[in-house]
Amino acid sequence: MSVRVRFAPSPTGYLHVGGLRTALYNYLFARRHGGVCILRLEDTDRTRLVEGAMEKLIESLAACGIEFDESPLKPGNHGPYIQSERLDLYKTHAEKLHQSGKAYFAFDTAEELQAMRERRQEQEGGGGYDRKKMRNEITLGAEATQKLIADGADHVLRLLVPENDTVEFEDVVRGRISVRSGDIDDQVLLKSDGFPTYHLANVVDDHLMEITHIIRGEEWLPSTAKHILLYDAFGWEAPRMAHLPLLLNPDRSKLSKRQGDVAVEDYLSKGYLPEALVNFVALLGYNPTGDREVYSMQEMIDLFDLSKVNKAGAVFDLQKLDWMNFEYLKNLDPQRAARELMPAVRAAGYDVDADYVARCFALLRERLRFTADLLTVGDYMFADPREFEEKFRKKHWKDNTAELVQPFVEQLRRAETFDHESLHKLAEAYTAEHEIGFGKLMNPIRLMLTGKGAGAGMFETMELLGRDTCMRRIDAFLGSLA
RNA sequence: GGUCCGUUGGUCUAGUGGUUAGGACACCGCUCUUUCACAGCGGCAGCACGGGUUCGAGUCCCGUACGGACUACCA
């Protein structure tokens, strides 16, 4: 049987980084095994609909290189792929469950349920839905139940959980898990608005869509027993389960908005490269080899092994993300960087072309954290410096510096060629002749040309800037001293 | 409270009975050097605890502690 997996987010309006990892593992697993990866939208909560959420989700996923074989935008043979368009399916399956005596109707109000919970908490130290004491098909009988429904009473359908049973299943990452059925609540399957709950919709869809492996976050582990019960009730075989460890805040609680960014789009708009984010997130709770950190998508696919996924949650460490991003930044194609930078370059009013920006990026990339830093870290590549760092100036510009540098400046003005190699030779000859250290000459030049004490090699910088710009800046600086 | 799950340096991890417990981030130091970076080299630091099983346990079993998730007509 060929592998079919799905990523099934609810449309909250953004893609959570934890969701990104879940989607990624599903994608990797499918690709690794020549299977199919499906995107299904779980929008059964009508109170939490967000406009345009699906498009955003798909966009973020696509930006990270995750594409689906079947999705709402690319239907296959198992559609529809949006749960709100599958209501009839849930209804007919719920009916089957009711007819076979595996589920029953209930009429309790929210207040009654609340009161019941408080009572059980106090008197019995907890417990789920008390089916023998509440208003439902079991206490009321079939006839009264039918009449109530016919009269239009609000009702839900609940799963009749067997009393003395043990639910067991094998999780790919956690091994055998077993739960006593007595500890499982009579879960609501159909809500009073006619929509299914997650549990029903999920099970019905996974079966109908012929999902072979459910790969999802650990927060679903406690619900899985309920789902197994549902598969049993339908007489279906359950897919293989794999519950991924949670992504954690630094304080080891579940990764949340309160403690930082959780949306993929937040990271992308801050300038993290999607490849880096994906690589980073892939290694949270998993490492295919243990002695490497950087993997291309193809390598991750080739090496992916679900059984190697860790059991413990992993802290989302921004410092390591930064490092990972830098690893990708160092190898980023300068032309691509330039392309992404051009709008900002134009907006800043700099009259340079993409090729120049690309060369600047190649020169300065090792001093950037994000691509966009080029415009600040390397501002002097685009405009003459207006300010000169006081500390650097004090340290490298002494009373006799102008005098010492003057002849070299004239050599620069007349130099036959202005490429970095000949400039380097020129400077070497000059410092040798005047018996001064290299820094004595180059630091003042750096100051005059860039205004700051941090930057790429001076000769490469000068070559890129060009002679006219260099001389203009030097003359301006020297002129301002008088 | 109950149920379930987890626990290798500060963080991410490799490790499936015999290793001087490996790698990475961060941190510290050194080297390189025209600045800042990069790079290279070195250092700090770990198997939660207690019992078993075994000739031998980070690895297997039990317990304890700690942590987390779940406990909705949300997903």
Side-chain angles (χ1 to χ4, degrees), chain A residues 8-12 42-45 47-48 83 106 108-110 113-114 117 120-122 124-128 154-158 171 174-175 177-180 182-185 187-199 201-202 217-225 243 245-246 248 250-254 280 283-294 308 310-324 326 330 364-368 377 389 392 395-396 424 427 431 437-447 450 452-459:
Chain A
S10 55
T12 55
E42 311 226 324
D43 61 341
T44 56
D45 185 357
T47 66
R48 295 211 302 193
Q83 288 187 330
D108 318 283
T109 63
L113 290 169
Q114 168 95 25
R117 276 186 208 107
R120 293 201 86 169
Q121 186 62 48
E122 251 173 60
E124 304 165 45
D154 271 359
H155 60 280
V156 301
L157 185 72
R158 284 182 181 271
D171 190 277
R174 273 149 227 283
I177 291 173
S178 101
V179 183
R180 281 185 305 278
D183 292 324
I184 301 173
D185 208 358
Q187 207 61 50
V188 170
L189 267 20
L190 232 38
K191 302 183 239 180
S192 54
D193 66 359
F195 277 74
T197 57
Y198 171 85
H199 306 288
N202 198 265
E218 188 190 336
E219 67 266 34
W220 294 110
L221 196 54
S223 306
T224 305
H243 286 91
L246 259 21
L248 272 26
D251 69 0
R252 304 203 77 83
S253 58
K254 187 171 155 186
F280 172 68
L283 263 36
L284 253 24
Y286 171 76
N287 192 312
T289 65
D291 61 356
R292 274 178 64 194
E293 307 284 331
V294 180
K308 281 189 169 181
N310 287 157
K311 298 176 177 71
V315 173
F316 192 90
D317 180 15
L318 283 172
Q319 281 188 316
K320 190 140 188 184
L321 205 213
D322 286 345
W323 168 80
M324 183 66 81
F326 185 62
K330 278 187 296 188
L364 283 159
R365 66 195 332 166
E366 271 135 37
R367 292 149 245 258
L368 311 177
V377 172
E389 273 176 20
F392 191 65
K395 187 166 177 192
H396 295 291
H424 198 157
T431 50
F438 220 57
K440 265 263 189 291
L441 174 66
M442 296 319 295
N443 285 318
I445 299 285
R446 177 179 297 282
L447 176 71
T450 74
K452 51 175 76 172
M458 229 26 245
F459 306 114

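Chain A is the first sequence line, chain B the second, and so forth, proteins listed ahead of strands; every chain is numbered from 1. These numbers come from a predicted model, not from an experiment.
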(message) Expressed as a whole number of angstroms, how long is the span from Asn287(A):CG to rU16(B):C1'?
(response) 16 Å
(message) So, taking the atom named NZ in Lys320(A) and the one named CG in Leu283(A), what distance separates them when rounded to the nearest 0.5 Å?
(response) 7.0 Å
(message) Using a heavy-atom cut-off of 4.0 Å across all strands, would you classify Ser178(A) as base, sugar-phosphate, or nothing?
(response) sugar-phosphate
(request) Examine the base of rG23(B) for any acceptor or donor lying under 3.5 Å from a partner atom in the side chain of Glu293(A), and report the outcome as yes or no. (result) yes
(request) Measure the distance from CG on Asp322(A) to P on rU11(B) and round it to the nearest whole Å. (result) 18 Å
(request) Check every atom of rC12(B), rG1(B), rA14(B) against the side chain of Ala314(A) and return the nucleotide holding the closest atom. (result) rC12(B)
(request) Whole angstrom is fine here: how far is it from CZ in Phe316(A) over to C1' in rA26(B)? (result) 16 Å
(message) Please determine whether any donor N or O and acceptor N or O are separated by less than 3.5 Å between the side chain of Lys320(A) and the base of rA26(B).
(response) no
(request) List the protein contact pattern of nucleotides 27-45 of chain B with one symbol per nucleotide (5' to 3'): B for base contact, S for sugar-phosphate-only contact, - for none; contact means a heavy-atom distance under 4.0 Å. (result) -------BBBBSS------
(message) With a sphere of 6.0 Å drawn around NZ of Lys440(A), does it hold more than 12 non-hydrogen atoms of other residues, nucleotides or ligands?
(response) no
(message) What I want to check is whether the side chains of Thr224(A) and His243(A) have a donor and an acceptor closer together than 3.5 Å.
(response) yes
(message) Given Glu218(A), which partner from the list Lys254(A), Lys311(A), Arg174(A) fulfils the salt bridge (Lys or Arg N to Asp or Glu O under 4.0 Å) test?
(response) Arg174(A)
(request) Just name whichever nucleotide pairs with rU53(B), Watson-Crick or G-U, keeping both distances under 3.5 Å, else none. (result) none
(request) Determine, for nucleotides 70-75 of chain B in 5'-to-3' order, which nucleotides have protein heavy atoms under 4.0 Å from the base (write B), from only the sugar-phosphate (write S), or from neither (write -). (result) S-SBBB
